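Here the structure is a predicted model, which is why all the values come from computation and not from measurement. Note that ligands are numbered from 1 as they come in the structure, with each ligand's atoms numbered from 1 the same way.
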Amino acid sequence: MRAEYRIDLTARYLGEAIAHPVGKGSGQLSLNDAQLEEDARAGLAFVLLKTLIAEDERGERAMSAWAIHETRMAVERRAAPDGRSGWTVTWKGRGWDRSLSDYLALVRSGRDLTRSGRLLVVPSVKYHLPRLSEPFREGEYRHTTAALAGAWGEPPLLLEKDFSPTLAGDPLADDRAQILRWLEEVPRQIRSASPVPVRIAVKLMNARFDDAFQVEMMRATRDADTLVCFNRLFDSQLGLAYGGWELSDRNLHVLDLYRPLPPSTDLYPYRPLPSSTDLYRRLCGTGNIHSGRLILEYARRGCESVQLHTFFQLPLSEYAATHGSRTARGLHTLVFHPQDGLIAGLLELESRGELERRDGELHFLDVARHAHRAG
Ligand SMILES: Cc1cc2nc3c(=O)[nH]c(=O)nc-3n(C[C@H](O)[C@H](O)[C@H](O)COP(=O)(O)O)c2cc1C
């Protein structure tokens, strides 16, 4: 890309530089070694492992309702209220349904791929979320985080905390104060439970409240290093999570409303104070991303990388490429589509005067950087 188009796609997830912005969101596409190997070969930038349900040293899990087994997924068309047709995956499952030790084996495979520079692989966890009157079950935080740190090896440990759409549909998430307490305290709980320095991405849910509350959630998550915005919508009538255009419309609208605040700095004794350009929490986009243009819509609102799931599950006829894995075919469309690909979109931003070359190159990260510029 750099030699041919003078375009630098370097992006960032959880403070790590990655070759381009496209990663795979946690889910059914990152359950085993074969999937990781195929994605490394396809040239994906990063992968979130399926969400593990935390447990304490006795193997007890407060969130065990999320560790259910379900294999059947249906990839379906879903129309937005205004008629635009998109895709969604209908699925009744939830988190990782095998043992912690199986998960740790997968983390070790991911660590090896990460160390060899082929693919950044990061675990995802759902920890205990108490009611307002209850304490956090610290045993779950300690046992699970220490096990992950042991499997990962050299610090810092990177991990993503999932607040999932099925949680948004659960009576636990009916109370705004309760949700805000989780977002304020969970990153701190993880940090104090971890035997090593840890970088935390929080993947926020789309709560069943208005957009202003969505922004309040982002602001409340002060002690996360990265915010992933936002997991799928929840259809409470059907009891299902869904995506498509409604999801990206909502996510982009909320990101428009959000203005980043500096993180509190006193909680990070092990790392230097951030430089002035680092004063913002990093954002990573997710939701209905199926073109380079949509990647750029998230980037223009401050996202330095994106996580996709549905687009890597479409019928093969939906991709222009005629060979390779779904990940490889998807990446090909996202980057090279002549009207909607990343290259076309970046060149268009340049021609509109919204992106300038530095040292003769266009830089993807400049798109996100401009989102934070005054005015
Ligand atoms: C079948 C399926 C399973 C998923 N499982 C998880 C999960 O375990 N943890 C999580 O954080 N997100 C999960 N997600 C959410 C995706 O990672 C992604 O953020 C979301 O679907 C929005 O992106 P998309 O529109 O590209 O699918 C799942 C999504 C799907 C479709």
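Residue, atom and distance of the protein heavy atom nearest to atom 9 (N) of ligand 1 are T51 OG1, 2.6 Å. Of the protein's non-hydrogen atoms, T310 OG1, 2.6 Å is the one closest to atom 27 (O) of ligand 1. The protein atom (non-hydrogen) at minimum distance from atom 2 (C) of ligand 1 is H309 CE1, 3.7 Å. Shortest contact from atom 23 (O) of ligand 1 to any protein heavy atom: T286 OG1, 3.3 Å. What sits closest to atom 12 (N) of ligand 1 on the protein, heavy atoms only, is K203 NZ, 2.9 Å.
Of the polar atoms of E160, none of the N or O atoms is found under 3.5 Å from an N or O of ligand 1, judged by distance alone.
Scanning G27, S26, A74 for the heavy atom closest to atom 16 (C) of ligand 1 points to S26. Of all the listed residues (L31, V306, V125, N288), N288 holds the heavy atom that lies closest to atom 25 (O) of ligand 1.
The closest approach between a heavy atom of G287 and any atom of ligand 1 is below 4.0 Å.
Between K203 and D162, none of the side-chain N atoms (NZ, or NE/NH1/NH2) sits under 4.0 Å from a carboxylate O, so this pair counts as no salt bridge.
In the vicinity of L308, heavy-atom distances shorter than 4.0 Å reach the ligand 1 atoms 26 (O).
Using modelled atom types and a 3.5 Å distance limit, the side chains of D56 and H143 yield no donor-acceptor pair.
Cation-pi geometry between R77 and W87 is met: the NZ or CZ atom falls under 6.0 Å from the ring centre, inside 45° of the normal.
If you look at M73 next to ligand 1, the close heavy atoms, those under 4.0 Å, all belong to the side chain. Looking at D162 against ligand 1, only its side chain comes within 4.0 Å, counting heavy atoms. The part of K50 lying near ligand 1 is the side chain, judged by heavy-atom distances below 4.0 Å. When non-hydrogen atoms are compared, ligand 1 lies under 4.0 Å from the side chain of N231 (C-beta onward) but not from its backbone. Residue contacts with ligand 1 for R232 involve side-chain atoms from C-beta outward but no N, CA, C or O (heavy atoms, distance under 4.0 Å).
With contacts defined as side-chain heavy-atom distances shorter than 4.5 Å, the pair E246/R78 qualifies.
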Problem - Evaluation steps, salt bridge (Lys or Arg N to Asp or Glu O under 4.0 Å), between R300 and E297 - result: CA-CA 5 Å; R300 291 170 71 195; E297 289 301 333; 3.5 Å; yes

Exercise for the section: Dump the intermediate steps for salt bridge (Lys or Arg N to Asp or Glu O under 4.0 Å) on R208 and D174, then the final yes or no. Expected result: CA-CA 8 Å; R208 286 176 302 161; D174 282 347; 2.6 Å; yes

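The main-chain N or O of L132 is found under 3.5 Å from a side-chain atom of R181 such that the two form a donor-acceptor pair.
Here H290 and W245 bring their ring centres to under 6.0 angstrom of each other. Taking the centre of each ring, Y319 and F311 come in below the 6.0 Å mark.
For the salt bridge (charged side-chain N to carboxylate O under 4.0 Å, His left out) test with D225, the passing option among R191, R282, R199 is R191; the others fail.
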